[in-house]
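Chain letters run A, B, ... following the sequence lines, proteins first and then strands; every chain starts at 1. Worth saying up front: this structure is predicted, and the values here are computed from it rather than measured. The analysis underlying the following values was restricted to heavy atoms, covering all of them including side chains, and did not include hydrogens, waters or symmetry mates.
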Number of protein chains: 4
Amino acid sequence: MKDPKPSSPTAHGLDRRALAFSASIDYDRRLYPQDIAGSIAHARMLGRQGIIDSADAAAIVSGLEEIRAEIERGAFPWRDEYEDIHLNIEVRLRERIGDTAGRLHTARSRNDQVATDVRLFTMESCDAAIQGVRALQRAVLEFAEMEVATVAPGYTHLQPAQPVLFAHHLLAYFEMLDRDGQRFKQARDRADEMPLGSGALAGVPYPIDRESVARELGFTRISRNSIDAVSDRDFLIDLHAAASATMMHLSRLSEEIILWSTEEFSFIRLPEEFATGSSIMPQKRNPDVAELARGRSGRVYGNLMAILTTLKGLPLSYNRDLQEDKEALFATIDILLPTLDVLAAMLPSLRVNRERMEAAASRGYTLATDVADYLVGKGAPFRDAHGIVAELVKFAQSDGRLLTDLTLEEYHRFSPMFGEDVLAIDVRWSIAARDVPGGTAPSRVAVALQAARARLAG
Amino acid sequence: MKDPKPSSPTAHGLDRRALAFSASIDYDRRLYPQDIAGSIAHARMLGRQGIIDSADAAAIVSGLEEIRAEIERGAFPWRDEYEDIHLNIEVRLRERIGDTAGRLHTARSRNDQVATDVRLFTMESCDAAIQGVRALQRAVLEFAEMEVATVAPGYTHLQPAQPVLFAHHLLAYFEMLDRDGQRFKQARDRADEMPLGSGALAGVPYPIDRESVARELGFTRISRNSIDAVSDRDFLIDLHAAASATMMHLSRLSEEIILWSTEEFSFIRLPEEFATGSSIMPQKRNPDVAELARGRSGRVYGNLMAILTTLKGLPLSYNRDLQEDKEALFATIDILLPTLDVLAAMLPSLRVNRERMEAAASRGYTLATDVADYLVGKGAPFRDAHGIVAELVKFAQSDGRLLTDLTLEEYHRFSPMFGEDVLAIDVRWSIAARDVPGGTAPSRVAVALQAARARLAG
Amino acid sequence: MKDPKPSSPTAHGLDRRALAFSASIDYDRRLYPQDIAGSIAHARMLGRQGIIDSADAAAIVSGLEEIRAEIERGAFPWRDEYEDIHLNIEVRLRERIGDTAGRLHTARSRNDQVATDVRLFTMESCDAAIQGVRALQRAVLEFAEMEVATVAPGYTHLQPAQPVLFAHHLLAYFEMLDRDGQRFKQARDRADEMPLGSGALAGVPYPIDRESVARELGFTRISRNSIDAVSDRDFLIDLHAAASATMMHLSRLSEEIILWSTEEFSFIRLPEEFATGSSIMPQKRNPDVAELARGRSGRVYGNLMAILTTLKGLPLSYNRDLQEDKEALFATIDILLPTLDVLAAMLPSLRVNRERMEAAASRGYTLATDVADYLVGKGAPFRDAHGIVAELVKFAQSDGRLLTDLTLEEYHRFSPMFGEDVLAIDVRWSIAARDVPGGTAPSRVAVALQAARARLAG
Amino acid sequence: MKDPKPSSPTAHGLDRRALAFSASIDYDRRLYPQDIAGSIAHARMLGRQGIIDSADAAAIVSGLEEIRAEIERGAFPWRDEYEDIHLNIEVRLRERIGDTAGRLHTARSRNDQVATDVRLFTMESCDAAIQGVRALQRAVLEFAEMEVATVAPGYTHLQPAQPVLFAHHLLAYFEMLDRDGQRFKQARDRADEMPLGSGALAGVPYPIDRESVARELGFTRISRNSIDAVSDRDFLIDLHAAASATMMHLSRLSEEIILWSTEEFSFIRLPEEFATGSSIMPQKRNPDVAELARGRSGRVYGNLMAILTTLKGLPLSYNRDLQEDKEALFATIDILLPTLDVLAAMLPSLRVNRERMEAAASRGYTLATDVADYLVGKGAPFRDAHGIVAELVKFAQSDGRLLTDLTLEEYHRFSPMFGEDVLAIDVRWSIAARDVPGGTAPSRVAVALQAARARLAG
């Protein structure tokens, strides 16, 4: 035996490289609040049920509370030779309260213990994500309220399509984020099921009271099958999928912020607090925050792929592969929450160049559909109207003019159906005309803003 | 202009390679039921609202119904020069009813039309997935009911850990599938929002009645923001994520079927109808179905990654990139549904070798935890009991014996706490002892089976 | 036995759903040229080595050649009840030449046969990809040669950074594609190893001559380990990784084409042959080809993830999971090759608005670094010079002027080091100054164009 | 302005959340050796070329050397307010040598600097990976040499197929690893191209000597296009793809180690140094190392997906998204190298149960193919022989006997072609018969072992 034997029950004589390879204490120490809360609830229940002496239970609980305080004030002696958070705390508890510490492990296994810890962490992460999503929704909504009268080009294929209210465009993100909030809620619901009491895989041979432990820890329900309970990491797929969808949405928003702040679009201007300079180019005002938000979608997608791959083809029940659930979880949360926060902070600071946006909304023949619809109103089938207006656009283009520059006479060259009223079609006319539920007409957008405000409050 | 101009409005003068590159008719023809249903509902509404003549509306509706019949009897003239399902139907409708066909496109754009089609398809796919999941749950449950008395080794790390009822092990899959069903339901809910009426991106300038169209098509609600409505494919992320989780579960079940049917485990035997021979080895009885189910998880994961990547960084609103939503969707559904079906068909056919399973449950010192728990019952802290039994196991191992082979005298060498009753600990004793909610004790499993049956019925 | 037994040797009594689930004939028929070529080479060798009669070998070869002709003229009776391409051909051969057909399977297994087929297909795919990459490099080069004098804004963070020659920008893609070509070559090299002769997994008990078969089929070498040979799909990871990198590059090029053709940039104009209209907006000129190229990167990434996931954790040797190698392979190739082709067709058709590009290159204070470097030339440390110019830029900005609009006197307000010669700094001066290997100076770009031309020829 | 302004040129007035969001000093400090080496080589060249004073160059070089020493002895004052490794070193250099420090930034930008750092790190990582791969190949080879006479069951579909030498099975991994080594070499070659001298994107306006800097830093060549040079992260795709393929191979090896060490297979026994106990089950001997190696493939796959996603659709040239290249790179390397190491450490410790392996090789009718081939030798077409032996196997199975248990008379019932010599067919006979290049015959395996040894040496 070449390596020194640490005194831990799980690390007896393990090869040093194997120990280093399997240790998780570097990152799983982050689970100490969940781990200690779980142990305290378990110990209290063991005492209540008479499985251990209530004096022992009390000693364990106060020992654990002292350890928590020790960690929080930075005084806990983390030791790498104890491979994980559980063993670090277990060893410390024994140092503090002696052999009684050993009674904490009655009616519990690492397998149900760690699953409980990770679920608690996930539930808290989902709560934080929901808060972050709502804060960003609020920022989007306030931005939209400020820009309620701003006219913007609506794009399809990144080509000007039809004029819209900028507030209407912004509210699209409100909707996306709303779905993100739903997803985190559903991920939280999936995590909200207490595995403790499942033992290693089969349940435990003690008269435990699982429901009371669940209540104390904030779980709504207990797991229904002990083998599933120690094998299941579905809730992490849900979390990473929700985070991936959210990051995707944020990557779209970021892409637009980057586009809008280009010299060529110049629709918005980043304030100095959110623009980054260059080590070499003194004039630069770079949208680094948006670029990083966009780029980090990759890492979150990767974490989703990681957990799916790790789970693929695993036989039941617990396998050590499952240890790989944690680093990706922490990494995703550490990307997601700050990205939501920083975008919520940045949005209110953006300066919109309203004149330029409205001017852009008029270019690119964005009123062509309105003119076609005008002809439909006069009785033309839509497809025919479409053809007539396509010719009109070509005519105007060849001359470098917009449709609004044409005379009635010129209109008549393409169809006799045109009347004086066609000249009234302009950007605001077009916007007002889209007066359907979900449409960009000012009255509809006003209602949407109010409804969004109410949904945030509700 | 080098290429012949097809007469289609969208394909005017498009380069032949560009047309081939952008055509989707090869695969999107599959959306014909949704596309026609959507068009019929739209046309009826246009008529009801007086946006088009009711006679025109009626002509369009009956023209579309004839086209549907034509497709269903294989008589529809699919034409590659019309790039997609929409154009194929549009052109055909014009051939059938003349210029009136053009009126169908009033107050609608491809962007809201295709989003509607894909959502309808997704809702139907989710319904089918939910059915498939339930059918497999039923098969799992029936299998578990058959094996309610079968003792099996419970594994952790693929090493024998503690004996369990085989039915308990199987019910773990019932729980996984239950979560899968939830996910498909949630994906369906996300898809269940009608985009029609959003036009190209901004809404439409006609007095449409979106709610009535939604009702006719089976949508519960209409989209709230027209820009979001044409840009959003979140529901496909939800579908692919649900399918990925399901395929992950099926890969775990498949892995176990493969393991159990190895010569070495020999826990189950595949019937000839579900075992495949070899082109070269006459004796082979290969679990190809399970292998394919396991391997196909990769393709579904890949499709999830595909849609996430495609959506990353897209500016609003519709971009042609979104066309890439369909092939992955079809591929996922075409993997998912048959995998659920074939496993549901195969499960009842498996022959369990109960003797062998129970014998395996006794090997590997699976009762060691029970002996440790016995000592806890006599007053030892769990960690000390764990140490004593580890020594006991080593002693028995060195002799090639099981714990059940030891005499009380031998037990005493390791601790004076052992009494006569330790000799009663055997596999069934161990299973019965795990009498907690979610545990493997027969009474608990019986309750779980009943509850599962009720959940399926409910 | 509930299902009719097909007469096929591998499908004896297989459940109908299981057969449908495991059949691959729908897609693997595409491998017929490789499968037949492999069988012919194998039969010839068997004859040469005296393992089968040479008359039998000749009958088999001519039978297979007839079958190939039959397939090519569309007369082959594809039958779904024979699950794959191999069995379809095998059954057909027996129909044509009788029992002699059975001798073809001497000294060969499906496992080494299918691995050979897929490798041949992969080698051909790599060759086609290399051709496609080179054709696109040629198109890029010719485009760059046309635009050798065009000045463009160079961007970092999508903000104007420094002026460059547009040709220099385009040549960046030449370099990316060059690496792509290397990767396909390396993927081909990895595929170029003949597994035939590995049998099911252990080799075959016949005096075969593997080297001669390899030569006939165009393989450079034979596999060194029969177990690896039937288990290995590494070359597909290589192919999908190469295709993913290529599609990533094409997504970047596409993104730029989309940006450049926006109304706001207006750097290029898409000709009608490569611009798509709208079903509703008559004015549209959408860059659908570039959007699809960008979006399809997702599908290829997904296919890479699929093959990696499928291979994860598979025990040796052949497992049926490996059947899942084919659809992703075909899908990737069917995306990759047309994307390369269509972009090569589109590039020459782009109309560059050179005036607008050059004007954009002057905006955004792109000469600021040059002015800082000017001060360094006068003796200032770079960091100090950077600070002075940052102030200069702010001053000019506040006035709405460019640096080239400032007077010497104004320059002097910020540093006495400025001399008359600072006024000579303009866009072309800046470009010419970057006269280092790899830089944008005209002389360097001229050399780079020549070198690129030579590399294409070489 | 709400936030305190740090004195750094890039962080002037940046919002605190934006600064925290964009800071990378937490992880990129790891690049200090590469960053300092790059700066030293750059400063020396600037001095040699007379771009800065040689005294200044010397001061910079010795300042940087002192900083490196400071870092290495843990005395460097890392400061979070300086966002990255570059700025930390830059500020420290100024503290040490005053304003001369500013001259280091002449003719260089962050964009080419960081690309150089990451490439150097990647080259070193590839070298380490190649070493790790070779060490594991050596361990595999030594294991195979030890087991050169051990007979093992060869599996397809995890069903016994044909007997093989265990050494032959192990050498399959030697081949996989060989390809992995090639991939890391190719990834290194792709990284081996110095971007320094590309400036921000366009080259630099100074008479630099790029070749000499490249030589000093160990690069073989310099980049050919400055825009590509700052935009390119292809070499990271190559690295992650190589690492993914390697981890996939290691996941297969790990899966087999896990299977072989199950109670049911019992082919190998893990020594205590590489087996892990259980917190609750005293008897456990778990293959955690192999499980973790298998599970970690997921994280590496995820990192590949991350970099691909991040790069998708990025316009040229440098975008801040590229900062996301580093964490995934570090994570992949920190998984890959220890996994290679720990498996190389573990392999020699595995105890093979040779008797049990050989016994398993005889079960499962693994000689059936040999009997069919025997009939072919007597003149039967292979397909007919296959059918006869399938019947033979059924007959023996029904009786619970192996083929080697049958009498010649019994053989005759199925075909008159059987002679006395059929009784000689046993496991070793079967192995010896596969005497083809790449086959499992002892002479072939001996040659393969020798060749492998030579390849490792060469």
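Cation-pi geometry between A:R17 and D:F274 is not satisfied (NZ or CZ under 6.0 Å from the ring centre, within 45° of the ring normal).
A:R296 contributes atom CZ, which lies 4.5 Å from atom CD of D:E324 (distance to the nearest 0.5 angstrom). Here CG of D:L308 is found 11.5 Å from CE of A:M305. Values are rounded to the nearest 0.5 Å.
For the options D:L311, D:T309, D:I307, heavy-atom pairs under 4.5 Å to chain A are most numerous at D:T309. Of the listed residues (D:A20, D:G302, D:S254), the one with the most heavy-atom contacts under 4.5 Å to chain A is D:G302. The most heavy-atom pairs under 4.5 Å with chain A, out of D:N303, D:L322, D:N319, come from D:N319. Taking chain A as the reference chain and counting heavy-atom pairs below 4.5 Å, the highest number among D:E255, D:H86, D:R294, D:Q113 is found for D:R294.
Heavy-atom minimum distance, A:G295 versus D:D321: N-OD2, 3.4 Å. In terms of heavy-atom proximity, D:A275 sits nearest to A:L14 at O-CD1, 3.5 Å. Minimum interatomic distance between A:A18 and D:V289 (heavy atoms only, all atoms of both residues): CB-CG2, 3.7 Å. Of all heavy-atom pairs spanning D:R299 and A:A328, the tightest one is CD-CB, 4.4 Å.
Both the backbone and the side chain of A:T339 come within contact range of chain D, each with at least one heavy atom under 4.5 Å from a heavy atom of that chain. Heavy-atom distances place no part of A:L304 under 4.5 Å from chain D, backbone and side chain included. Only the side chain of D:L314 comes within contact range of chain A, with heavy atoms under 4.5 Å apart. If you measure heavy-atom distances from D:D341 to chain A, you find no contacts under 4.5 Å at all. Both the backbone and the side chain of D:A293 come within less than 4.5 Å of a heavy atom of chain A. Neither the backbone nor the side chain of D:S251 has a heavy atom closer than 4.5 Å to any heavy atom of chain A. Heavy atoms of A:Q323 lying under 4.5 Å from chain D belong exclusively to its side chain.
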Determine whether D:F21 and A:M346 satisfy the following criterion, side-chain contact (heavy atoms from CB on, under 4.5 Å), listing intermediate values before the conclusion. CA-CA 12 Å; D:F21 188 68; A:M346 188 169 73; over 6 Å; no
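One N or O on the side chain of A:E291 and one on the backbone of D:R320 form a donor-acceptor pair closer than 3.5 Å.
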